[in-house]
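In listed order, ligands and their atoms are each counted from 1. Predicted, not measured: the structure shown is a model, and the values here were computed from it.
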Amino acid sequence: MSRPNSDAASRTNSQFPADLLVVLDRTRPRSLRAQLESELRRLIQSSQVPAGTRLPPSRTLAEDLGVARSVVVEAYGQLASDGYLDAHQGSATTVRAVATSRSEGGRAGTAPASTVRFIGGLPDPGLFPRAEWQRHYRAALTAVSDRELGYPGPLGASALREALTGYLGRVRGVMTSPGQLLVTSGVTQALTLLCGVLRARGVRAVALEDPCFGVHREIVVRAGLRPVAIPVDQDGLDIARLTAHEIGAVLIAPAHSYPMGAVLSGARRSALLDWARGSGGLIIEDDYDAEFRYDRTPIGALQGLAPEHVVHAGCVSKTLTPALRLGWLALPSDLVDEVAAEKMYADMGSTLLEQLALARFVAGGGFARHLRRVRPTYRRKRDTAIRALAAALPDARPLGVAAGLHLYVQLPSECDEQRLVAQARDRGVLVEGASWHWAEPHLAPPALVLGYGSLAESAIRDGIAVVASCRS
Ligand SMILES: Cc1ncc(COP(=O)(O)O)c(C=O)c1O
C-alpha cells in the first residue's frame, strides 16, 4: 500500500520552500487569516509542504506576505489545533505526518491506494448501464445530422431539454419548459454560472446550509460572493435565521442536505417560499439524492411550488456516473438569458453526443427503469452500513439514512476526527472527515461522511470494522 505522505514523512525537518506560492487575495471578502489557513492546509494536504517541514517563524512569514504577524500566529494556531502542525513554545512549528480529510476523502488531491474507499456520494460504477448507454450513444451518433455537428448552443440539445421537461415534471413535480432548461456540466457548473449571474446583478451574499458540500461554499467565495452559514438541524435549514441577513439567494438541498442528510420539513418549505416571495431572494434548489430514497415517500421538488422564485438544479452524477458531467438548471424566465450568456462564455455549450444519448435514455423510459433496478441494491448497501456501524461503533450515530449514497456518522465528542481518518488511511481505508464541510471546521463536532454507494457489501463491512479498530 502506498501512502501519500510516506515519502514526505521520511524527509523530516526540511525547510519551508521560500518561493512557495501562497496566494492571498485582498479583494475577497474572506479574512486574510482564513485565506492563509486554507492555503497552508492545501499545501500540506497536497504534500507540497511535506511532513516534518519547519514552517518559517510567524514574523518572517508575515513580512514575506505583507500581513500582520497576528494573521500568521492565528493561522498556525488553528492548524495546530486541527492536527496539521506541531507547535511548541520555543521550538520551530513543523508539519505533522497526518494527512487530512479533504485529500483523503478523494474529492481533491492525490488519492492513496487504499483497499476500501468510502467516497461521499459516489455511485457504484459497476451499476452504470454500459450496454444500454452504448446503444443510445450509437443511435444518437447515427441519427445526428451534419448540420447539428456544430456548437451545441448554450441552452443545450433541444431533444434533451424536451425529455427532461417531461421526466422532471412527472417524477419531481418540476414545472418548466424546454426553453427554461439549460444543460450544464454538472451541478458544479450550474452553481458557478448562477453565482456569476447573481454577482453581476449586484448580489453580495448567498446563504448556505451549515454544514454544506465544501466545494459549494468555495464556488460562492470564488464568485466574489459572501457565504452566510445558516445552521441545519433535523428539519433542514433553519429558515427563521435567513431574515437576520441581507442575502440575495439561498442554496439548499431540501430533499437530502449534504452531508447531514436532513429533509426540509413542510413548515420550513412554506417559510422558505414566503421568504423568497417577501424578499425577492432567489432559492437555488440542489435536488440532491432525490432519486435514492428508501424509507419514506418521495418529496416533490420545491421548484414546482414557486417556479418563478426557485432555480432547480440536478444532474446524473449520482444516478448514472459523475464521469458524464451532465446536469441541468430549470430557470425562472427572467434568468434564462443571463445564465445562457454565462454558459456561452464558459464553454460554448455542453458536449452534444452525450446529451443526445441521455435524451434517448430518458425519453424511452430506460433511465427510470435503471433507477428502479439499482435502488434496492443501494438500499441493501445502506442497510449493511447501518448494521456494521451498530455492531462495531455502537456509540456513533448515523444521520440522513433515509436516502442517498452516504451516511453522516456523528462520532462521540471525545473522538479525534482527524486522527481517526489518518489511522484508517494507514490501515488501508479511505474515509472522509466531515469537518471541512462546516463553515468553521475547527468548531465542527467530530463526524465522518461514509460514502457506501460505490462499495461491495463485504467491503462496507470490512471497512467499518477497520475504522472502528482505529478508535482504540
Ligand atoms: C451536494 C452536492 N450536490 C451536487 C453534487 C453533484 O455535482 P456534479 O453534478 O457537479 O457532479 C454533489 C457532488 O458531490 C454534491 O455533493
_Could you check whether any side-chain heavy atom of Pro307 comes within less than 4.5 Å of a side-chain heavy atom of Gln180, counting everything from C-beta outward?_
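The answer is no, as the side chains (C-beta and beyond) never meet within the 4.5 Å cut-off.
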Heteroatom distance test ([X], ligand 1): nitrogen or oxygen, under 3.5 angstrom:
X      : result
Tyr258 : no
Gln189 : no
Ser185 : no

| Nearest non-hydrogen atom to atom 9 (O) of ligand 1 belongs to which of Thr184, Leu326, Val187? |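 It is Val187 whose heavy atom sits nearest to atom 9 (O) of ligand 1.
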Item checked: Where Trp438 and Asp210 come nearest, the two heavy atoms and their spacing ->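 Scanning both residues completely, I find the closest heavy atoms to be CA-OD1, 3.4 Å.
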| task | Grab the two heavy atoms, one from Cys315 and one from Gly186, that are nearest each other, plus how far apart they are. | result |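 Shortest heavy-atom separation between Cys315 and Gly186 comes out as CB-CA, 4.4 Å.
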Numbering the atoms of ligand 1 from 1, which are under 4.0 Å from a heavy atom of Cys315?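 What qualifies from ligand 1 is 6 (C), 9 (O).
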Item to check | Under 4.0 Å to a heavy atom of Gly186 - the qualifying atoms of ligand 1, by number | outcome: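 Contacts of ligand 1 toward Gly186, numbered from 1: 9 (O), 10 (O).
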Q. Between Glu432 and Arg425, does a salt bridge (Lys or Arg N to Asp or Glu O under 4.0 Å) hold up when you go through it step by step?
A. CA-CA 10 Å; Glu432 189 189 348; Arg425 185 214 58 208; over 6 Å; no
Short N-O contact, Arg380 and Glu457, less than 4.0 angstrom
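Yes, Arg380 and Glu457 are salt-bridged.
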> Of the backbone atoms (N, CA, C, O) and the side-chain heavy atoms from C-beta on, which set of Arg325 has a member under 4.0 Å from an atom of ligand 1: side chain, backbone, both, or neither?
Replying inline: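 Under 4.0 Å from ligand 1, Arg325 contributes side-chain atoms alone.
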Under 4.0 Å between heavy atoms, the region of Pro322 that gets near ligand 1 turns out to be neither
### Query
What class does the angle between the rings of Tyr288 and His256 fall in, given that below 30° is parallel, 30 to 60° is tilted and above 60° is perpendicular?
parallel
